[in-house]
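Structure first, commentary second.
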Amino acid sequence: MTTDEARPEPRPEPRPGPRRGPGRRAGESRTREAILDAARRRFGEQGYDGATIRGIAADAGVNPALVHHFYGTKERLFAAAMRLPVVPSEMLALALGAERDRLGGDFEGRLGEILVEALLRAWDMVDVRAAFLGLLRSAATTEQAMVMLREFVTSTILAGLSQVTGLGDDAEGRYRATLVASQVVGLGFARYVLGLEPLAAASSEDLVAAIGPTVQRYLTGDISPAALSSSRRNRRR
């Protein structure tokens, strides 16, 4: 080749594309938000029990397997859709499991105190309390929210409570679990929504001491009408 011959032009180096910053990809974030929007609509319209992963996926335009991939279970999806910072049944199982390991044979006799203490500790977390209060206020003002919350509590929290406390799924076990729910939901509403004093200002230790034994009776004590009559007779003596 002579110096007069044309030399091939060098090819330009390819320009690097824009670098993605850390975090989720934009498409993934949009998909997650579409799933959560669809979940809120379905839970609101059909309740917790009526809404299905398949129906939510269809509304969001995705495969049901993708919903399971992102959120795992319907309870986790509900928690994400309602912006709950924790999954209630998992939090309950973790708290009670740790106390069971620590107390051993004394666990069952102190279950009421342990349960009340665990709930108060969770409600003292700002984000947990804010989500809890939002659900309670919505349930108090709209029927849709009330149905959704009731079904969620029944299908997840009470079912989890029955499992970790050994109440069973028979009529008596469900009755005992709902008695516990009436106590703790009432405590949360009176303390954090209504702000009833001196209940609202009471320490967690005082509330555990006062309410724990009642919850314990609901879980393991005699709750028959005969037991109530006997207790009244003893008080009159």
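Just so we're clear, the structure is a prediction, and the values are computed from it rather than from any experiment.
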(request) Enter the distance from L111:CG to T220:OG1 here, rounded to the nearest 0.5 Å. (result) 7.5 Å
(request) Answer yes when E33 and R30 have at least one side-chain N-carboxylate O distance shorter than 4.0 Å, and no when they do not. (result) no
(request) Considering only NZ, NE, NH1 and NH2 on the basic side and carboxylate oxygens on the acidic side, decide whether R40 and D37 come within less than 4.0 Å. (result) yes
(message) Count I, L, V, M, F, W, Y as connected when their side-chain heavy atoms are under 4.5 Å apart, and connections chain through other members. Are L94 and I114 then in the same cluster?
(response) no
(request) Identify whether L119 and L194 are in the same connected component of the hydrophobic contact network (ILVMFWY, side-chain heavy atoms under 4.5 Å). (result) yes
On a heavy-atom basis, which atom in [X] and which in [Y] lie closest, and how many Å separate them?
X	Y	value
G112	L219	N-CD1, 4.1 Å
A81	L36	N-CD2, 3.8 Å
V87	A79	CG2-CB, 4.3 Å

(request) Assess whether atom CD of E197 is packed by more than 12 heavy atoms of other residues, nucleotides or ligands within 6.0 Å. (result) yes
(request) Answer yes or no: are there more than 12 heavy-atom neighbours, outside R76 itself, under 6.0 Å from its atom CZ? (result) no
(request) Mark yes or no for whether Q46, through its side chain, and R41, through its backbone, hold a donor-acceptor pair below 3.5 Å. (result) no
(request) For the pair E113 (side chain) and A209 (backbone), establish whether a donor and an acceptor sit closer than 3.5 Å, ignoring hydrogens and angles. (result) no
(request) Flag the pair Q183 / V180 as yes when at least one side-chain heavy-atom distance between them is below 4.5 Å, and no otherwise. (result) no
(request) Please state whether the rings of Y48 and F43 are parallel, tilted or perpendicular, taking 30° and 60° as the class boundaries. (result) parallel
